[in-house]
2 protein chains.
Amino acid sequence: MNNTAPKDYESLRAAMSERYDTLSKRLRQIAKFAWDNPTIMAMETTSVIAERAGVQPSALIRFAKAFGYSGFSEMQRPFQAHVASRSASYKERFREVADTDGAPDSPMGLLREFSEANQQALQHLLEETESTELDRAVSLLRDAEFAYIMGQRRSFPVASYIYYNLNHLECRAQLLTGMGGMLMEHANSMGPRDVLIAISFSPYSDDTARVVAAARKKKVPVVVITDSSLNAIARQATVFFDVHDAEVFSFRSLSASMCLAQALTTALATSRGAGKGRGGKTARSK
Amino acid sequence: MNNTAPKDYESLRAAMSERYDTLSKRLRQIAKFAWDNPTIMAMETTSVIAERAGVQPSALIRFAKAFGYSGFSEMQRPFQAHVASRSASYKERFREVADTDGAPDSPMGLLREFSEANQQALQHLLEETESTELDRAVSLLRDAEFAYIMGQRRSFPVASYIYYNLNHLECRAQLLTGMGGMLMEHANSMGPRDVLIAISFSPYSDDTARVVAAARKKKVPVVVITDSSLNAIARQATVFFDVHDAEVFSFRSLSASMCLAQALTTALATSRGAGKGRGGKTARSK
DNA sequence: TCTGATATGGAATAAATATACCATCCTATT
DNA sequence: AATAGGATGGTATATTTATTCCATATCAGA
């Protein structure tokens, strides 16, 4: 047995999600329960947890060993540490960080600014995103034969991330980069059974606008991720997301956009998985 | 013995405070400890608590009985409930949102998972990043004549984001894409007055490893952003950042990495601004 | 200083909890 | 359909944990 047991809760969570696909039915059931109920995992005994999760106590031991722990008790420690830290007052946590860093202008100070601003942006994203829009976007993507992705300048990292994810989902996808001056030629190969994902933030790229217009002309559905509902691109969208990324000293972040991109692609994965009868939270690895 | 055992944590706390004066020396010692360490009281076993509090395990049982409980375990329950609720209260905001939308498997449910996980990852980033490493990275970047950026696959969005930011800071920067098969030719143009920023996450790209090796050979300082301190690339780094991005069911996010990238480039901007006498929080727009 | 009463430490015991084991049941492959 | 390999449930066992008990220490009052 390798000594690869995750030492802290975050690692354990990562390990659970990474290995989720390869786990057996019962072990998966436990992973799901542990994922949703860290507090119960931290506090209760094997028999209580087993009953709540609808499994045998021995399955919990098997689960712990599958993740490299010597037994259940050892696996329980990360959960306890996590719950304990969650329970610690905000003040305490703030102090931990505040101790080690300096002025607001220092690199560490900036990191804190960004970390906090991005956390807020992520929370806003969650609160302001319409569930129906997400559903519509996912079904558009699922039904599409080919996905085109367009994003320039600051939107390019988001576009390339979506491109990466879709390719790992075995979705046929193409990134419209404009490389070699073939942008519109590429764009014109879109058809009504395809879909275009366009990401555009201020200052809006003319190229992106042109590609979206071309898509509309050819009856290609367009999923738009942008930062304002008023710009020309947003008005042409089939589905559109109004994302407000954090901004610190004129530097705009991409955390919220990236998070949305991640949620969209993962939802597509589960949706397709379910459609294929693979069910549940199954998601392709890597 | 009256059945006056406090049922919830608040009542127990009130009882402890009220009876504090009348308790014996050892029991007082326990009350003090329990007052200060509800988390330990909730999670640990009698022997651990006893050791930490500097008393005998049996004294804990006596303490519990003094407050009307049938034994230690019964007294422990209010502590556990309290810690659990404290831990849950942080998540309460998400539950509010959860009311209005569907199952954990739904697109909205996934967005919530990711938003939450990414917020945690950002907090983690803030707590784990060494201020000195940030400072060193910033000064390397500031002193460099030319910045090369390398990131493949999942790291590519991060690399392109850094590339975008550096260009907007009027830093001479080049993205090593490997396009046209000229990767090593490009890499070999690096010199000791330049700097290489390499981003690499599991599964690690061979190309990135080769570029880093080439940089070391040519005495080029290397700033590495990776997800493990154990891989070959990290070991060759001049400065390295160990970033743990959120991962939900096999889908790794980039929020933390992007945030670090943002902090690095912004810190560079303010640093150069200050150096040029532009002072303070000034940062270039766009 | 003596005496009775209470508090305390530590070992012994009881209870519970975690873990190992094995027979049986799936599931995939031929 | 047969079979092998792994997964699962239930129980037996080992280990840990909570609790009791009692000898000794401490303390207050005479």
Side-chain angles (χ1 to χ4, degrees), chain A residues 1-3 5 12 16 19-34 37-81 83 276-280 282, chain B residues 1 3 5 12 16 19-34 37 39-81 83:
Chain A
M1 184 191 293
N2 289 341
N3 201 351
L12 173 53
M16 283 201 292
R19 297 185 44 191
Y20 190 75
D21 296 336
T22 67
L23 293 174
S24 75
K25 196 169 122 195
R26 207 43 46 95
L27 261 35
R28 211 178 282 191
Q29 190 179 342
I30 293 171
K32 179 78 166 63
F33 182 85
N37 304 282
T39 307
I40 293 173
M41 293 298 288
M43 307 262 220
E44 302 294 339
T45 67
T46 46
S47 61
V48 173
I49 297 168
E51 198 192 331
R52 297 269 222 126
V55 301
Q56 288 287 325
S58 49
L60 291 172
I61 278 84
R62 263 185 239 120
F63 182 83
K65 298 209 162 182
F67 282 86
Y69 298 99
S70 71
F72 174 80
S73 307
E74 197 181 313
M75 183 183 70
Q76 200 176 28
R77 273 197 278 266
F79 284 101
Q80 293 179 327
V83 170
K276 284 180 191 166
R278 290 173 70 201
T282 310
Chain B
M1 184 190 293
N3 199 353
L12 174 53
M16 283 199 295
R19 298 182 44 188
Y20 189 76
D21 296 334
T22 68
L23 293 172
S24 77
K25 194 169 123 195
R26 206 45 45 96
L27 262 34
R28 209 178 286 191
Q29 190 178 341
I30 292 170
K32 178 79 167 61
F33 182 85
N37 304 281
T39 306
I40 293 173
M41 294 298 288
M43 309 259 225
E44 302 294 339
T45 68
T46 46
S47 62
V48 172
I49 298 169
E51 199 192 331
R52 296 267 222 124
V55 301
Q56 286 290 323
S58 50
L60 291 172
I61 280 85
R62 263 183 236 121
F63 182 83
K65 299 210 161 182
F67 282 87
Y69 297 100
S70 71
F72 174 80
S73 306
E74 195 181 314
M75 181 183 72
Q76 201 176 26
R77 272 198 280 265
F79 283 103
Q80 291 179 329
V83 170

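Each chain gets a letter, A, B and so on, in the order its sequence line appears, and its residues count up from 1. As the structure is a computational prediction, the values presented were derived from the model and not from experiment. Heavy-atom basis, side chains included; hydrogens, waters and symmetry copies ignored.
- Between Ser73(B) and Val55(B), the residue anchored closer to the 5' end of DNA chain C is Val55(B), taking for each the nucleotide with the nearest heavy atom.
- In this structure, Met43(A) places its CE atom 21 Å from P of dA16(C), rounding to the nearest Å.
- In this structure, the side chain of Gln56(A) does not engage the main chain of Ala50(A) through any donor-acceptor pair within 3.5 Å.
- A cation-pi arrangement is present between Arg19(A) and Phe67(A) under the rule of less than 6.0 angstrom and at most 45 degrees off the ring axis.
- Proximity of Gln56(B) to the phosphate of dG10(C): a side-chain N or O atom is located under 4.0 Å from OP1 or OP2.
- Side-chain to base pairing of Ser24(A) with dG6(D): no donor and acceptor N or O lie closer than 3.5 Å to each other.
- For the pair Gln29(A) CD and dA7(D) C1', the computed distance is 13 Å after rounding to whole Å.
- Per the geometry, NZ belonging to Lys65(A) stands 8 Å off C1' belonging to dA20(C), to the nearest Å.
- Rounded to whole angstrom, the span from the CD atom of Gln76(B) across to the P atom of dT19(D) amounts to 9 Å.
- Closest-nucleotide positions on DNA chain D for Ile61(B) and Lys25(B) were compared, and the one nearer the 5' end corresponds to Ile61(B).
- Computed from coordinates, the Leu23(A) CG to dT8(D) P distance equals 10 Å when rounded to whole Å.
- Looking at every heavy atom in both residues, Val83(A) comes nearest to Pro38(A) through CG2-O, 3.9 Å.
- Between Thr46(A) and Ile61(A), the shortest heavy-atom contact is CG2-CD1, 4.3 Å.
- Not a single donor-acceptor pair under 3.5 Å links the side chain of Gln80(A) to the backbone N or O of Glu44(B).
- Place Glu44(A) and Arg62(A) on DNA chain C by their nearest nucleotides, and Glu44(A) ends up nearer the 5' end.
- Of the candidates dA20(C), dT17(D), dT17(C), the closest approach to any side-chain atom of Thr45(A) belongs to dT17(C).
- Nucleotide dA7(C) holds its C1' atom 15 Å from the CG atom of Leu60(B), rounded to whole Å.
- Rounded to an integer number of Å, the gap from CZ of Phe63(B) to P of dT6(C) is 20 Å.
- Met75(A) has its CE atom 9 Å from the P atom of dT19(C), to the nearest Å.
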